[in-house]
*Asks:* 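Sharing a structure, written as C-alpha cells. Questions coming.
Owing to the predicted nature of the structure, the values given are computational and were not obtained by experimental measurement. First the proteins, then the strands, lettered A, B, ... as listed; each starts at 1. Keep in mind that the numbers below use all heavy atoms, side chains included, and drop hydrogens, waters and symmetry copies.
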Amino acid sequence: MTVAAASVVDSTPRPGLAERFDRHAGRFMVLPAVIVLLCFAIFPLIISAYLSLSRFALAPGGFTLKFVGLLNFRKLLTGSQQYHLLGKFMPFSPFAWALVTVTALVILYVLGRYLFSGRATVFGTIGRLITAALLMAIALLFAATTFSGGVPGTMVTTLIYVIAGVSAQFLLGLGIALLCAQAIRGRNFFRVLFFVPLMVTPVGIAYTFRMLADMQKGPFAPIVQAFHVGEWSWATEAWSARLMVMVGDTWQWTPFMFIVLLAAIENQPRDQVEAARIDGANGLQIFRDITWPAIAPVAATIVLIRLIEAFKIIDLPNVLTGGGPGLATESMTLHSFIAWRTQDLGGSAAVGYMLLFVSTIVCVSFFNFVVRPARRLES
Amino acid sequence: MTENRSLMQRLFEPTSLERQAPAAKAVTYALLFIWSLVVLVPLYWVFITSFKNEGDVANGPFYLPFIDFQPKSDAWRFMLLENNTLGPYLNSVVVALGSTALALLIGSLAAYALVRIRFRVKLAMVAIFLILLVAVIVSVVTFGLPWPIAVAVAVALFILALFTVGRRMKAALGNSDVEFWIISNRIMPPIVAVLPIYVMFQNLRLLDTQFALIITYTAVNLPIVVWLTRDFFAGIPLDLEESAEIDGASKLRVFFTIALPLVRSGLVATFLLILILAWNEYLLALFLTNADAQTMPVLVSAQNQTRGPQWWNMSVLIVVMIAPVVVIAALLQKHIARGLLVGAVKG
Amino acid sequence: MITKRMLAGVSALCLLGSMGVAQAAGEFDGVTVNVITQTGAIQEPLQRRAPDFEKLTGAKINVIAVPFSDLYQKVLTDWASGTNSVDVAVFAPQWMVDYIAGGYLEDLTARVENDPAIEQEDVGAFFRDFSEKYDGKVYMKTFDGDFHMMYYRKDLLEEAGLEVPKTWDDYLAVAKALHGKDMNGDGTPDFGSCIGKKRNAQSYWFVTDVVGSMTQSKGTSQGTFFNTADMTPMVDNEAFRKGLEFLKESTQYGPPDELNLDVADTRPLFASGRCALNLDWGDVGTISIDPVNSKVIGKWGAAIMPGSTQVLDWETGKLVDCDADTCPYAIDGVNHAPFAAFGGWGGGINAASDDKVKDAAFAFLSYMTQPAQSNQDVTVGATGFNPYRTSQLSYSELWKNAGMSEEEADNYLGAINASMSSPNMILDLRIPQNQRYQQVVLDEAISRFLAGEIDADATVAVVSEGWEELTDEIGRDDQLAIYKATIGAN
C-alpha cells in the first residue's frame, strides 16, 4: 500500500524548465530547418519576385531599381522575347492538330470521370484544373513550334530535356538493374562501378563530353571518318546538339536510377517469385505481376526526384554549345544566366520565375497523380 | 537420371529455378559489359588526357600511353605543385563535409519531429507572416525605411496577431503540409535565389567565406534530407521510444540515443548522396565566392580560358575530385542500396 | 660579342627601368592591393611580376582570378553592391563605360601625366587616345593591344599562285580554292577558312570586322554601329547584309563544326596546320612560333584585315565604289577598317579604395606597362599580352628569343603596325549595357542566322528592333551623347 502511495506521489510530474522545453520540443526541433529555409528560400524568392517586376540600372553610387510592373513577363510571353522563351510559332500541321485534339480529349475524359465520381472536392478540382491547363498549354506549345516546323524556345527545349531525358534515364536504369538483379557474380562490383558517373561534377562531365564529341580530335574521330560523316558535325544541327546534351545528362544520372531500382528489385518478395517460377511463369509475367508492383512506389519517387533536378539543367548546354546552334540547346536556367550576365536582372528573375511556375506545377502534378497512386498500389 | 538435352535446350533452358539459361546469362553479361564500357570510356579518356599536353590533344586522338604518345606529368606537376589547387580542394572538403553534417543534423531533427509530433500551423498566421514579410521588403527597398525598424514593427505586429486573430481562426495546416512545404523548396531553381542571397551575405560581410557556402548548401540540401529521413523514422517501431519517454527521457534525448542509431544505414546513404551534391555544386559557388572560398568545380571551369580549354589541367582536377568520393562510396556501398531503398519505399 | 654600344644600351634600359620605380622603393610597405582578372592568360604576367614589385616597393599584390565569362559581372557586383573587395580590375575597355556610369572607376589623367616612366608617347595612338579614355579623361592603363588580323599560310598561297587577300571577296575566293587540300601532310583534307563562330563566344566581333570595313571609311570618329544623328542602328543596309552573306559562305569552306568553335579551338587548328586562312587576335602570331606545338613555323603570315572596294553610303543604305571622297584612307583603292575588337586588356582602379592603396595600385599599373616589363611580356604567348607600343613593333632581341625569325617578325609586326596606325580603326561599342546589344541581341541573331533558323532579312530585323528597343529602354538621348563621346564624333 505504502509503495503504491509513494509511487503515486512520485509520478506526479512537477513542471520544470526541462519539462516545459520538452512540451514544446516539437517546435524547437523543427525551428532550425524552418529558419534556414525562410532565409534562403522564401526571402530570396520574394526579392526575386520584386526584381522580376522592376528594371535594374547602374547609377552613380550604386544602382537603381525602377518598378515596371509586368513588363518583363509581357516581353517574354507576348513581346520581343517571345521567340526566345516560347519559340517561333507556325500554323499547325495536321500532326500538330492531332496532338492537340488527342490531348484535349484525354484531359476532358479524365476530368469528367473525376467530377462525376462523387469524390470530387474543391481543392481536388482546382488542382486538376491547373494541371490540365498546364498540360494543354504545353501541348499547344509543342504543336505550334516543334511539330509545325517552327523553332522551339527555351521552355520547349527544357521540357524536351526533362521528358525525354528522365524517361531515357529511367528505362536504362531499370534495364540495367534488371540485368544486375539476375544471379550473377560481381554484383557489388558493378554496383560501385556504375555509381561512379554520379560522382563527377556536372561541369567536369560537360567538358569531358565536349572532348569526347570532338569530331576532329576526340576518341571517336576515326570511327566518324571511317563512316565518311567527318564532314558533318553534331554541333551544327539543332536536334543532334540537343541529343548530345541529353547523352551527357543520361550518362551522369542513369546510375542514380540504377542503384535505387536494383535495391528495390532485390527487395521484392522472393517467395512470390519462386512460387511463380514453379508455376511456370516466364520472366515477362513475373516482371509484370510481381516485380513492377513492388518497385512502382520507389520508381515513382526517384523519377520525381530526378524530374525536380532535371528542370535546372545548365552546365551541359552552357559548356557543350554555349546554348547554340541558334537557340537549340539553351535551357531556361541558361537563358536566365545569360540575362543576368549582361545586367538584365529583371529579365533574368522573370525567366527564373517562369521556370519555377512550370516545374512546380509539373512536379506537384506528378506527385499527386503518379506517386500517390503508386504508393497505394503497394499497400 | 539426367535426360539427353538438345543443344537448343541446353542453351535456352535454365538449369534450375535460380539460375538463368546459358544463352540468357551470356546476353546478360554482354549487356553489362557494354554498359561498363560506356561508363569507363569517358573516365579513361579523362585519365589519359591528364597525361597529355597541347600537342598531344590537338594532333588527334591518342589512345594508349607509351604506345601512341608519351605520357607527361606536366599537367599533374603544374596543378598540384605550382598552381594553388590545395586551397580550393580544402575549401571543397570543408564546405562539403560541413554542409552535409549540418544538413543531416537539422534535417533529421525536423523530420523526426514531423513524424512523431503533431503540428497544427494556423493558416491565418502563415498568411499574416507572408504579408508582413512582403511589407518589410517593399518598405525597405522602395521607401528606404531602415531595416531594423521595419523588422521590429513587423515582429510586434506578428505577435499581436498571434494572440488575437490567431486564437480565433481554426483552419490549420498539418504535418504533411509542413513536410510538403519543406520538400517543395527543392523545386526552386537556385538561379532565382542567387542574387538576393549574394546581397544578404554582402550586407553581413560574409561574402567569399566558407561559412557562407556551408550554410547556403545546407539550405539547398535540407529538403532532400527531410524527405528521405522522414521515411526512415516512420519505419522504426514506436515501442522503444515510448518506453524511454516513460522512463523520463526528453524527446531530444530519445532522438539522439534511440532513434538516430536505428536509422543508421539510411543516414549513411543520405550522407553520401548529399555529400556528392555539395561536392559537385557549381552555380552557387560561382556567385558567392571569389578567391578565398573558391571550390573545385569553379576551379575546373576556370581552366577554360581565352587561350582555350586547358584539357590536361582540367582532367587532373576531375580525377582528383572523383578519387576521394569513389573511395568513400566503395567503403559505404552496402549502406547506399539498403538505406536509399528504405527511404524511397515508404515514399 | 658584346659591343660597347650594346652595353650602353642595356645599361640605359636598366637605368630607365629602375628610375621609374626607384622613387617608389619601400614606399608602400604594409599596403595590400587586390587585383582581379581572368584565369590563365593575363593572370600569368600579373602574378609573375607581383613579387618583383613587392620587392621594389613593399606593396603586396594579391591577384584574384575568375573565369573570363564571369569577370564582368564579378567586378560590377563587387563595386555596385559596395563590397569593394577589389582595388584593381584588369578588364576589357568595353566594360569601362558601365563602371564609369556608376562612378566606380578612378580618374587617372593626372597620375598618368605626372608619371614619365610610363612613356605615354610610345603607346600606340589608338590606345592612348581612344582605348584608355572616356570623355577626354584617362580611366585605364593599357597592357595589351587587341585588334583583329588575318593570318594566312604563306606556303599554300605561294604554291597555288594566289595573292594575299586584300578584300573579303578575295578572302572567299582563296578559301574556296584551297578548301579540301591536305595542308599539314597527314592525309586528311583541311580547311580553307577557320573563324570562331560559336554562340556566346566571339562571333559577334567577326561580323563587325566585315561590316565595319564597308560602313566606316572616314576615320574612327565616323563609327560603325549607330547613326550619329539619331542613334539608329547601322544594320538595315547593304553592308550588313553583305557581312551576313560572307559569314554564311565562309562556313562552307571551314571545319564541319565551325559553328561550335571559338577562338580557343581555331587557334590550335591554325597552329597545327589545318587552316589556310584565319581571322583572330594577335595571339595566333605568338602561338604559331611555339617550337613545341606549332606545325606552321616559317609557313605563316599575318596581314591587315581585308577591306572592301565598296563602301556604304549612309544616306541611301547602298554600297558605292571607293574614291578619294568616299574612302579618304583607302590603301590601293581598298578601304581597310581594322577593328580593335575587345580593345585590349588594361587596368583600372576602384575609386572607393583608400588613397594609399590607390597610389600603390597605380604604381603597379605603371610598373606593368613600362617598356622594361611590357616589351618582354608581349613576346610571350602565354601572357596573353599583344603589342601595343610603337617600340614593341621593331624586331628586337626579345622577339628573337621568343623564337620569331626576322622575316616572320617583319611580316607580323608590320601587319600590327599597319593596323595600329590606321586612322580608320574601329572602336568597340562602348555605350552603357553594350553587352546586351552585342552579346544578347547581335550574337544570338548571328547564331540563329548561321544555324538556319532565320534568314538574312529576319536577322536584320531582329538586330535592328532589338537594338532600338534597348536604346529606348535605356534612354536614347543619353546613349547618343555617350556614343558620340566615345568615338569623338561631334
Side-chain angles (χ1 to χ4, degrees), chain A residues 18 22 25-26 29-30 32-33 36-37 40-41 44 46-48 50 176 179 182-184 190-204 207-208 211-212 217-219 221 259-260 263-264 267 274 277 297-298 301-302 308 312 315 333 336-337 352 355-356 359-360 363 371 375, chain B residues 17-20 28 31-32 35-36 39 42 45-46 57-58 60-61 106-107 109-110 113 117 119 133-134 137 141 182 185-189 191-193 196-197 216 218-219 222 250-252 276 280 282 297 300-301 309 311 314 318 321-322 325-326 329-330 333 336-337 340-341 344-345 347:
Chain A
D22 210 51
M29 288 163 93
V30 175
V36 166
L37 285 174
F40 288 90
I46 299 182
I47 301 235
S48 264
Y50 185 72
I176 301 173
L179 284 174
Q182 309 293 334
I184 54 167
F190 282 124
R191 221 202 291 265
V192 176
L193 176 64
F194 293 169
F195 193 58
V196 175
L198 202 52
M199 299 183 220
V200 187
T201 178
V203 179
Y207 280 109
T208 305
M211 263 197 283
L212 289 174
K217 36 193 214 288
I259 290 272
V260 181
N267 220 49
E274 283 186 17
R277 281 234 186 86
V298 189
T301 306
I302 53 170
I308 295 179
K312 306 179 195 164
D315 295 311
T333 307
S336 178
F337 184 62
L355 179 62
L356 181 63
S359 58
T360 305
C363 293
V371 180
R375 287 194 200 160
Chain B
L17 274 180
E18 274 300 295
R19 308 232 195 84
Q20 291 170 290
T28 305
L31 289 174
L32 284 176
W35 184 253
S36 305
V39 167
W45 194 253
V46 167
V57 172
I106 298 182
L109 208 53
I117 302 168
F119 286 92
L133 186 61
V134 174
I137 292 176
V141 177
I182 292 182
N185 279 302
R186 184 72 190 171
I187 302 180
M188 186 181 69
I191 192 106
V192 177
I197 295 182
T216 309
T218 305
L222 204 56
S250 68
K251 286 221 170 44
L252 217 53
I276 291 177
N280 291 335
Y282 173 69
V300 170
S301 168
W311 301 113
M314 221 181 263
I318 295 178
M321 275 188 79
I322 303 182
V325 190
V326 170
Q333 60 103 353
I336 307 167
L340 274 180
L341 168 67
V345 161

*Asks:* Name the region of B/Ile137, side chain, backbone, both or neither, that has any atom closer than 4.5 Å to a heavy atom of chain A.
*Replies:*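 When you check distances to chain A, only side chain atoms of B/Ile137 fall under 4.5 Å.
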*Asks:* Between B/Ile276 and A/Phe195, is there a side-chain heavy-atom distance shorter than 4.5 Å?
*Replies:* yes
*Asks:* List for me each residue that meets side-chain contact (heavy atoms from CB on, under 4.5 Å) alongside A/Ser336, sequence neighbours excluded, and say none if there are none.
*Replies:*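 By the side-chain contact (heavy atoms from CB on, under 4.5 Å) rule, A/Ser336 matches A/Ser348, A/Val351, B/Ile191.
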*Asks:* Quick check on side chain to side chain contact (heavy atoms under 4.5 Å, CB included): which of B/Asn280, B/Val300, B/Ile322, B/Val326 does A/Val200 satisfy it with?
*Replies:*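 Result for side chain to side chain contact (heavy atoms under 4.5 Å, CB included) with A/Val200: B/Ile322.
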*Asks:* Sort A/Tyr207 into side chain, backbone, both or neither according to what part of it lies under 4.5 angstrom from a heavy atom of chain B.
*Replies:* both
*Asks:* Would you give the length of the straight line joining atom CE of A/Met199 to atom CE of B/Met321, rounded to the nearest 0.5 angstrom?
*Replies:*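 The CE atom of A/Met199 sits 12.0 Å away from the CE atom of B/Met321.
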*Asks:* Report yes if the side chains of B/Tyr282 and A/Pro202 come closer than 4.5 Å at any heavy-atom pair, otherwise no.
*Replies:*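 No. Closest side-chain heavy atoms not under 4.5 Å.
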*Asks:* Just so I understand: if I count every heavy-atom pair under 4.5 Å between each of A/Val196, A/Val371, A/Thr201 and chain B, which residue has the most?
*Replies:* A/Thr201
*Asks:* Out of A/Thr360, A/Ile176, A/Ile47, return the one with the most heavy atom pairs under 4.5 angstrom to chain B.
*Replies:* A/Ile176
*Asks:* Counting only N and O atoms by type, is there a donor-acceptor contact under 3.5 Å from the side chain of A/Ser48 to the main-chain atoms of B/Val192?
*Replies:*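 Yes, the answer is positive, given that a donor and an acceptor are paired below the 3.5 Å cut-off.
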*Asks:* Hey, could you give me the CD1/SG distance between B/Ile187 and A/Cys363, rounded to the nearest 0.5 Å?
*Replies:* 4.5 Å
*Asks:* Working to the nearest 0.5 Å, report the span between CG of B/Leu32 and CG of A/Leu179.
*Replies:* 5.0 Å
*Asks:* Could you grab the distance from atom CE of B/Met188 to atom CG of A/Leu37, nearest 0.5 Å is fine?
*Replies:*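 Answer rounded to 0.5 Å: 9.0 Å.
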*Asks:* Quick one: CH2 on B/Trp35 to CZ on A/Phe194, what's the gap to the nearest 0.5 Å?
*Replies:* 8.0 Å
*Asks:* Please enumerate all residues that pass side-chain contact (heavy atoms from CB on, under 4.5 Å) together with A/Pro32, with sequence neighbours excluded.
*Replies:*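 In terms of side-chain contact (heavy atoms from CB on, under 4.5 Å), with neighbours along the sequence ignored, A/Pro32 is linked to B/Ile106.
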*Asks:* Give the intermediate values and the outcome of side chain to side chain contact (heavy atoms under 4.5 Å, CB included) for residues A/Phe40 and B/Thr216.
*Replies:* CA-CA 7 Å; A/Phe40 288 90; B/Thr216 309; 3.8 Å; yes
*Asks:* Roughly how far, to the nearest 0.5 Å, is CH2 of B/Trp45 from OG1 of A/Thr208?
*Replies:* 12.0 Å
*Asks:* Against chain B, label A/Tyr50 side chain, backbone, both or neither, depending on which of its atoms sit under 4.5 Å from a heavy atom there.
*Replies:*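 Contact with chain B involves the side chain of A/Tyr50 alone.
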*Asks:* Could you tell me which portion of B/Ile182 (side chain, backbone, both or neither) has an atom closer than 4.5 angstrom to a non-hydrogen atom of chain A?
*Replies:* both
